[in-house]
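So the structure is just underneath, and the comments pick up after that.
We name chains A, B, ... by the order of the sequence lines, and we start the count at 1 in each one.
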Number of protein chains: 2
Amino acid sequence: MKAKATLKQIAKELNVSVSTVSKALNDSPEISDLTKIKIKEYAKLKNYKPNVIGLNLKNRKTKTIGVIIPNILNSFFAKVFSGIEKIADEKGYNVIMCISNESAEKEAHTLEMLSNGTIDGFIVSVSEEAQKNQDYEHFSAIINDGTPIVMFDRIAEDVDCDKVIVDDFDSALNSTQHLIDLGCKNIALLSSIDNLSVGKLRAEGYLKALENNSISVNNDIILRTDSEDDLKDKIERVLENKIDGIFALDENDSVAALRIALRKGFKVPEDISIIGFADGILASRRLSPSLTTVSQHGIEIGEVAAKLLIDRLESKEEHVPYETVVIKTKLKERESTRKL
Amino acid sequence: MKAKATLKQIAKELNVSVSTVSKALNDSPEISDLTKIKIKEYAKLKNYKPNVIGLNLKNRKTKTIGVIIPNILNSFFAKVFSGIEKIADEKGYNVIMCISNESAEKEAHTLEMLSNGTIDGFIVSVSEEAQKNQDYEHFSAIINDGTPIVMFDRIAEDVDCDKVIVDDFDSALNSTQHLIDLGCKNIALLSSIDNLSVGKLRAEGYLKALENNSISVNNDIILRTDSEDDLKDKIERVLENKIDGIFALDENDSVAALRIALRKGFKVPEDISIIGFADGILASRRLSPSLTTVSQHGIEIGEVAAKLLIDRLESKEEHVPYETVVIKTKLKERESTRKL
DNA sequence: AAAATTAGTACAAATGTTTGTGTAATTCCC
DNA sequence: GGGAATTACACAAACATTTGTACTAATTTT
């Protein structure tokens, strides 16, 4: 365990003062060339690197971003993270990642832990529990303490901060309309995320599309739940009704629906067309038939969120107004929807 | 932007010294109960939290781990990370995550950046480029500087440090043997990761199994490449040979093989049995037929790696010998292998 | 040659903590 | 009541850094 070189050590060994070493290494004109060269050579020899903690303390910032997401195994969040990491790296920031596991308490605890000097700002997607309980106090507290937060995807309307969202309502509306245009008359809605803000918005988009086309709502073919318990059974029950289209609000639901439909002997897309929200990297594209999906551009969401945060951190202005950026989704047509 | 409370501010406003405030908040017996109460109440009012950077400087450690993985969109790495995060959180550590994108340069740069006070130790899976070039100097340099590293999955044999690996050779041997036991005579090997240490070991396990069963090696049905260019064509060419079993060395290969086999009219598992390495959360389990996989226990790998690192960081001993932990894989039989 | 300038350093303060040592004032005991 | 012990706090150093100011020579200027 070699001790790392510090200014002090170098100063002592070269019989100069700490400030001289610091200034020499920073090429200050105050220091003579001779001394500079001597110090720089010695520093190189000792493999000196300025200790970041000392710098952090002096500068009162750490060039580190805290990211809190509910679950890294969800590939949507993994994609967002990779977008965040890309921008952060480009701009010289590090990223501390914490997983809330959908727990409001861990979320709050993490915010507390990191907001006392460790990080300069947060990027967060709100945990399920916090959304369920509409419990957003912990966010406001942190923001009031002067640490900026950017929320993405699962946001808290009431909290005043930068936000990056997908146009959930519109894309659900458009996707449903697409199914209707394909000739579907009985379109089932499958949602196991009805507790999330995004789930609610998507469901509303679906309903709006029905309304626009004067299609009456059939509650037997609408599944809105907030748990995955018995999901298969529930979907199975929906599929017992007369159905020629399925709109699923997340990847889980859509993949499950496809499997169950196939097992029940439906032909996809001949009998039933399926569209699902998804941003998995493996699943939907590779199933047979491959699933038509609403692509959420996870990486772009991450990039935009990181840019928003870093811009705010580096802005000279005190009171930059908060922004909400809406990322447009895109319908990726694959084999699970029949052609016009 | 409210300024955060510091000991100094509190001291000034209560007309006591900084040390008195610090000691009061830490319940030192030196301070009278009256003063303690007064100070604690005021601190609470001001929502005082000790600044972590100051503490870090004092303690010369940050309780932060740096994780460097090649790609977070690979769900194996996402699983490992979630294991790391779990243990880190339990033990009060934060995790800085960096993505090397398979670049040796970014890997080296990240190690440099973080090893000067930001983190206490690293957990790393080596980038493809570094493995290809056998370029491990950057790791040794960091370790020599006194920052411990734990490597997992893709390791560098020559670097002296803690390691967590999967028993790649044995599990490839066993999987291949399993196919042989099922009656397969012509087992293809598909690898698009022949540049990685793990890819080579798995291929060797396959060959050993053939040898053990006196099956001669047929190079026409062995695909060993280090790129995914034209992967489909290459696999297609392999499948033009007489084949009744496929052993694929990663998820990509196995999923591609299944699709191509099905398209070529093979019945799975009747005509061909398929086993693939995989740790995707969505794909293999959900395909039809579902794929029999070698499960790599990503989460456990992450947990073990984090424990190794934290134990070392917190050990009083100077020279704890380095350890290499082997995690056993498990064959998850699904529909793509026929039954005995 | 004395004064002014300049170069090349050292010193000190600041960032926020913790902690060992020092120092008044009070209490104790005989 | 006076020396010892105790109480309750202040002071200072340390962690690693940057940076403004002060100081000491040497050089230049007049």
Using whole Å, what does the distance between atom P of nucleotide D:dC9 and atom CD1 of B:I37 come to?
12 Å
Rounded distance in Å - NZ (A:K61) to P (D:dT17):
18 Å
Does D:dC9 have its OP1 or OP2 closer than 4.0 Å to a side-chain nitrogen or oxygen of B:T35?
yes
Does A:T6 place a side-chain N or O at less than 4.0 Å from the phosphate oxygens OP1/OP2 of D:dC15?
no
Output the rounded distance in Å from CD1 (B:I39) to P (D:dA8).
13 Å
Contact class for B:K49 vs. all strands (heavy atom < 4.0 Å): base, sugar-phosphate, or nothing?
sugar-phosphate
Which residue, B:N26 or A:D33, contacts DNA chain C at a nucleotide closer to its 5' end, judged by nearest heavy atom?
A:D33
Locate the shortest heavy-atom distance separating B:Y322 from B:I143; write the atom from each residue and the value.
OH-CG2, 3.9 Å
Whichever of A:A5 and A:K23 has its nearest DNA chain D nucleotide further upstream toward 5':
A:A5
Distance-minimising heavy-atom pair for B:K8 and B:V18
CA-CG2, 3.9 Å
When you measure from the side-chain N and O atoms of A:R60 to the phosphate of C:dG16, is any distance below 4.0 Å, counting only OP1 and OP2?
yes
Expressed as a whole number of angstroms, how long is the span from B:L7:CG to C:dA14:C1'?
15 Å
Using whole Å, report how far CD of B:E30 lies from P of C:dT23.
15 Å
If you apply the rule side chain to side chain contact (heavy atoms under 4.5 Å, CB included), what do you find for B:K40 with B:D27, and how did you get there?
CA-CA 10 Å; B:K40 281 184 182 174; B:D27 251 334; 3.0 Å; yes
Whole angstrom value for the distance that separates P of C:dG16 from CG of B:L25
15 Å
Which is true for A:N59 with a 4.0 Å heavy-atom rule: it touches a base, it touches only sugar-phosphate, or it touches nothing?
nothing
Taking OP1 and OP2 of D:dA10, is either one under 4.0 Å from a side-chain nitrogen or oxygen of B:S19?
no
Among D:dA8, C:dT18, D:dT17, which is the nearest nucleotide to the side chain of B:S32?
D:dA8
Does A:I53 reach a base, just sugar-phosphate, or nothing at all? Heavy atoms under 4.0 Å.
nothing
Given D:dC15, D:dT19, D:dA10, identify the nucleotide with an atom nearest to the side chain of A:K8.
D:dC15
The side chain of A:L57 is closest to which nucleotide in this list: C:dG16, C:dT9, D:dG20?
C:dG16
To the nearest angstrom, the CG-C1' distance between A:N51 and D:dA14 comes to 14 Å
Apply side chain to side chain contact (heavy atoms under 4.5 Å, CB included) to the pair B:Y93 and B:I87, showing each step before the final yes or no.
CA-CA 8 Å; B:Y93 280 73; B:I87 299 299; over 6 Å; no
Check for a donor-acceptor pair, side chain of B:R154 on one end and backbone N or O of B:L196 on the other, with a separation under 3.5 Å.
no
Could you measure the distance from the CD1 atom of B:I149 to the NE2 atom of B:H138? Nearest 0.5 Å is fine.
8.5 Å
Could you check B:V16 against A:Y48 and say which one's nearest nucleotide on DNA chain D is further toward the 5' end?
B:V16
Separation of D:dT17 C1' from A:Q9 CD (nearest whole Å)
14 Å
Position toward the 5' end of DNA chain C (nearest nucleotide), B:G54 or A:I31
A:I31
Look at all strands and tell whether B:N116 reaches a base, only sugar-phosphate, or nothing, counting heavy atoms closer than 4.0 Å.
nothing
Could you work out which one of C:dG8, D:dT19, D:dA10 sits closest to the side chain of A:S22?
D:dT19
